[in-house]
Structures are given as structure tokens and as C-alpha cells.
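Contents: one structure, followed by commentary.
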Amino acid sequence: MTSLKKIIRKGYKKAKNILGSKNANKKNVIQFKKNIWQTDEISKSFVEGSNGNLLAAASIMDKEVNDFFLSHCKKNDKVLDIGCGHGIVSLFLAENGMQVTAIDISENLLSELKTQTLARNLSIEIKKGDAYSIESPSNNFDGVVARMFLPHFPDWPIVLKEMVRVTKTGGKLLVHFASKENSDAGKRLAIAECIFASSTDISNPWTFYAESDNAEINKVAKSNNLEVVNRTPLSFFLHNRIIGNQLGTELYNKYMIDVQNYMENEKVKEFILWFDQQIVSKCSPAISHFNIITFKKL
């Protein structure tokens with residue numbers, strides 16, 4: 001996680017140098033995010049910083065998200081993993097009998113996925129592609145999954161629409177997203193100001209990360225002929241805006257380091273997985289900043 005913090009700080013400065021707050025808009029953010037994933041430095045650091053074999057916090061998120069996705073898929077389902085990165089989800093679903101197509105814009109991350117696919121003797125269709133124009137016939141997949149992907153787009157409803165296009169009628173779209181209700185609750189209950197690693201402030205393309213609430217999600221779903229089946233919160237202990245706005249920036253940053261260190265203890269890790277999956281998942285989306293939206297195509 002330390003390496004990711006360094007990347008964020010470096011990326012923040014780079015974003016300001018490239019764009020400047022006066023010039024930032026949706027188009028700039030989209031282009032900036034597209035460009036950074038082409039670099040060796042960012043892609044390599046992302047692979048290292050999300051290595052669940054080395055980092056307990058990463059392994060917890062991997063298990064929670066992968067288990068959730070798997071619970072909504074059947075063996076031999078055709079599943080599209082959009083924004084697949086180096087394949088945390090794709091590899092897991094393929095190992096569990098799914099017919100996986102993995103798409104990402106980063107050649108570096110796809111190269112890592114190809115290496116892992118060969119090493120594990122798996123069959124995954126790997127494509128370089130743009131989320132705004134998915135190389136696939138309409139109504140092609142039983143399910144579409146997106147892990148920590150869609151909120152990078154300030155115009156995410158347009159990307160979602162393309163994901164809907166390639167999904168079969170009756171199929172599910174499982175989208176990792178951020179809860180605006182959690183941010184709103186944090187602000188409403190705040191006793192201290194807290195600066196988070198991600199923000200809805202479009203003036204900083206590197207840290208931009210979209211949030212949404214029930215009203216917006218339902219509106220977007222209706223316009224795309226989708227049913228919102230559920231919003232499932234997870235990852236209570238990390239990036240939680242309610243906790244951050246109680247502690248303030250300095251104490252919250254220390255808390256984030258401490259809690260990730262505690263997660264290295266297998267008993268703590270076991271408890272957190274139980275707590276997130278058995279308790280947090282049954283609560284309001286406001287309880288955590290991260291949640292998974294389950295859509296069904298009507």
C-alpha cells in the first residue's frame with residue numbers, strides 16, 4: 001500500500017502539471033486516465049500494489065469481490081470482465097468454470113494476464129479494447145463484471161450503456177462502485193475535516209473517482225432498461241468516509257496504516273472477511289464507501 005500512496009502523490013503532481021485545474025473537464029479526465037495506464041511505471045506499480053499474496057488488505061478485497069461475482073455466475077457462463085487489468089477477476093472466474101473474455105486498454109496489464117493465464121493453463125479470451133466501444137456483438141454475454149473500474153469515468157453512464165448492449169436479456173451486470181450516501185453521511189456527521197486519496201473533484205484527474213446514490217443509479221438503470229437488484233456494501237474498514245470525517249486527515253492516515261498492518265494477522269483477516277460478508281453486506285450502502293451494484297437486463 002505504501003507504493004500506491006507514492007504513486008498517488010506523484011500522479012497528483014503530474015496531473016496538475018499536465019492539465020492544471022483551470023483546464024480540467026470530463027474529456028481531459030478521460031484522456032488522462034487512458035494515458036496513464038499505458039505507462040510501464042503505473043502498470044507495474046499497480047500490479048505490485050494489488051498483490052494479494054503480499055498484502056492482506058488486497059487479498060481481502062480480492063476474496064470479497066471475487067466471491068460476490070462468482071455467486072452471481074453459473075458454470076460455463078460467458079462472462080465479460082471489462083477493465084480487467086492484470087486479471088484478478090478473470091483468472092478467478094476462469095478457474096471456476098466460466099468462459100471469460102477479458103478486455104482492458106493497457107497492453108502492459110494484459111501482458112501480465114497472458115503470462116498468468118499460460119502459467120495456470122487457463123483459457124481466457126484476452127483483448128485490448130476501449131470500454132466506449134466494446135468489440136463484441138450485442139446480447140453476447142451472460143454476465144458482465146467490472147471491478148474498481150466504472151467510477152474512473154466521469155461519464156460512466158455512457159460506458160454502462162455499452163456494457164448493457166453486450167449483455168443478454170436476463171443477464172446480470174455486476175459493477176464495483178462508490179457510495180455517495182457514505183460520503184454524505186461522513187460530511188453530515190463530521191467532527192473533523194479529512195482529505196481522502198480519491199475525490200469527485202474533477203479538477204484533479206488522477207484522484208477523480210465517481211460516486212453515486214440510489215436516485216442517480218435508479219435513473220440510469222431506467223434509461224438502460226435495467227433492474228437494480230441490489231447494492232451490496234463491502235470493505236467497511238478501508239476508505240470509509242464516516243470513519244475519516246470522525247478522525248480527521250492525520251489520524252485517519254495513521255488509522256489506514258494501522259488497520260492494514262492488523263490485517264496481516266490471519267485471525268484479524270478472518271474476522272474482517274466474516275464481518276464484511278455476513279454483516280456489512282446486509283446493511284445500507286451508506287455504511288461503506290465501496291459497494292457492488294447488481295443490475296439485471298430486462
Side-chain angles (χ1 to χ4, degrees), residues 1 52 56-73 88-89 92 143 145-151 156 160 172-192 194 196-200 209-222 226-248 251-253 255-260 262-263 265-296:
M1 289 297 175
S59 70
I60 289 172
M61 175 173 282
D62 291 350
K63 180 165 178 56
E64 289 179 357
V65 175
N66 283 343
D67 283 355
F68 187 93
F69 287 172
L70 183 61
S71 71
H72 287 79
C73 297
I88 290 172
V89 172
F92 178 80
V145 299
R147 177 190 188 270
M148 297 194 76
F149 174 71
L150 205 57
W156 63 267
L160 180 66
K172 290 182 178 178
L173 295 88
L174 308 172
V175 179
H176 205 182
F177 217 89
S179 167
K180 186 175 183 299
E181 290 94 339
N182 181 254
S183 290
D184 289 346
K187 293 172 185 175
R188 187 173 65 252
L189 301 170
I191 59 175
C194 187
F196 298 94
S198 63
S199 167
T200 57
Y209 203 73
E211 299 172 348
S212 195
D213 58 16
N214 269 332
E216 183 179 24
I217 291 167
N218 288 331
K219 181 179 178 181
V220 172
K222 185 177 180 180
L226 293 171
E227 173 191 352
V228 180
V229 178
N230 197 17
R231 288 178 64 196
T232 306
L234 69 162
S235 301
F236 173 83
F237 290 99
L238 294 174
H239 311 293
N240 196 318
R241 271 48 178 165
I242 296 175
I243 296 174
N245 282 304
Q246 294 295 303
L247 299 179
L251 284 178
Y252 179 70
N253 288 338
Y255 158 82
M256 286 285 286
I257 293 170
D258 288 346
V259 77
Q260 288 172 80
Y262 279 123
M263 286 178 180
N265 183 306
E266 285 300 317
K267 285 295 184 182
V268 174
K269 183 177 174 180
E270 181 181 329
F271 166 76
I272 288 173
L273 283 168
W274 171 83
F275 185 74
D276 274 343
Q277 293 181 324
Q278 300 301 319
I279 308 301
V280 176
S281 67
K282 297 174 175 62
C283 295
S284 159
I287 199 171
S288 292
H289 192 238
F290 288 119
N291 55 70
I292 298 177
I293 309 169
T294 303
F295 294 109
K296 180 180 179 181

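Because the structure is a prediction, the values reported are computed rather than measured.
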Begin with the C-alpha distance, continue with both residues' side-chain angles, and end with the deciding distance and a verdict on side chain to side chain contact (heavy atoms under 4.5 Å, CB included) for S59 and K269.
CA-CA 9 Å; S59 70; K269 183 177 174 180; 2.9 Å; yes

Could you walk me through whether L234 and F68 pass the side chain to side chain contact (heavy atoms under 4.5 Å, CB included) check?
CA-CA 10 Å; L234 69 162; F68 187 93; over 6 Å; no

Test V228 against F295 for side chain to side chain contact (heavy atoms under 4.5 Å, CB included), laying out the working first.
CA-CA 5 Å; V228 180; F295 294 109; 3.8 Å; yes

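Other residues, nucleotides and ligands place no more than 12 heavy atoms under 6.0 Å from the NZ atom of K296. The environment of NZ in K282 is crowded: more than 12 heavy-atom neighbours from other residues, nucleotides or ligands sit within 6.0 Å.
Atom CG in D258 sits 11.5 Å away from atom CE in M263 (nearest 0.5 Å). To the nearest 0.5 angstrom, N218 atom CG is 10.5 Å from E227 atom CD. Residue K172 holds its NZ atom at 6.5 Å from OG1 of T294, rounded to the nearest 0.5 Å. Taken from CD1 in I293 to CG in N230, the straight-line distance is 10.0 Å, to the nearest 0.5 Å. Note that SG of C194 is 10.5 Å distant from CG of N240, once rounded to the nearest 0.5 Å. Distance check, rounded to the nearest 0.5 Å: CZ of R241 to CG of L189 gives 15.0 Å.
Between S183 and F196, every side-chain heavy-atom pair lies at or beyond the 4.5 Å cut-off. For the pair L226 and L160, the minimum side-chain heavy-atom distance is below 4.5 Å. Counting heavy atoms from C-beta outward, I88 and F92 have side chains that stay 4.5 Å or more apart. Counting heavy atoms from C-beta on, the side chains of E181 and E211 never come closer than 4.5 Å.
Here the closest non-hydrogen pair linking S288 and N182 is O-CB, 3.3 Å. The minimum heavy-atom distance linking M61 with M148 is given by the pair SD-SD, 3.4 Å. In terms of heavy-atom proximity, N291 sits nearest to P233 at CB-CA, 3.7 Å. Taking all atoms of both residues into account, the shortest heavy-atom contact from L238 to Q260 is CD2-CG, 3.8 Å. Shortest non-hydrogen contact noted between S281 and T232 is CB-CG2, 3.7 Å. Contact record, T200 with Y209: CG2-O, 3.5 Å, taken as the closest heavy-atom pair.
The aromatic rings of F271 and W274 sit tilted relative to each other, their planes meeting at an angle between 30° and 60°.
Annotation: salt bridge (Lys or Arg N to Asp or Glu O under 4.0 Å) contacts of D276 (sequence neighbours excluded): none. Residues forming a salt bridge (Lys or Arg N to Asp or Glu O under 4.0 Å) with D67 (at least two apart in sequence, or on another chain): K63.
One finds no salt bridge joining D213 and R231 here, because no Lys/Arg side-chain nitrogen approaches an Asp/Glu carboxylate oxygen to under 4.0 Å.
Taking the ring centroids of H176 and F290, they lie under the 6.0 Å cut-off. In summary, the aromatic rings of F237 and Y262 are positioned with their centroids too far apart to meet the 6.0 Å limit.
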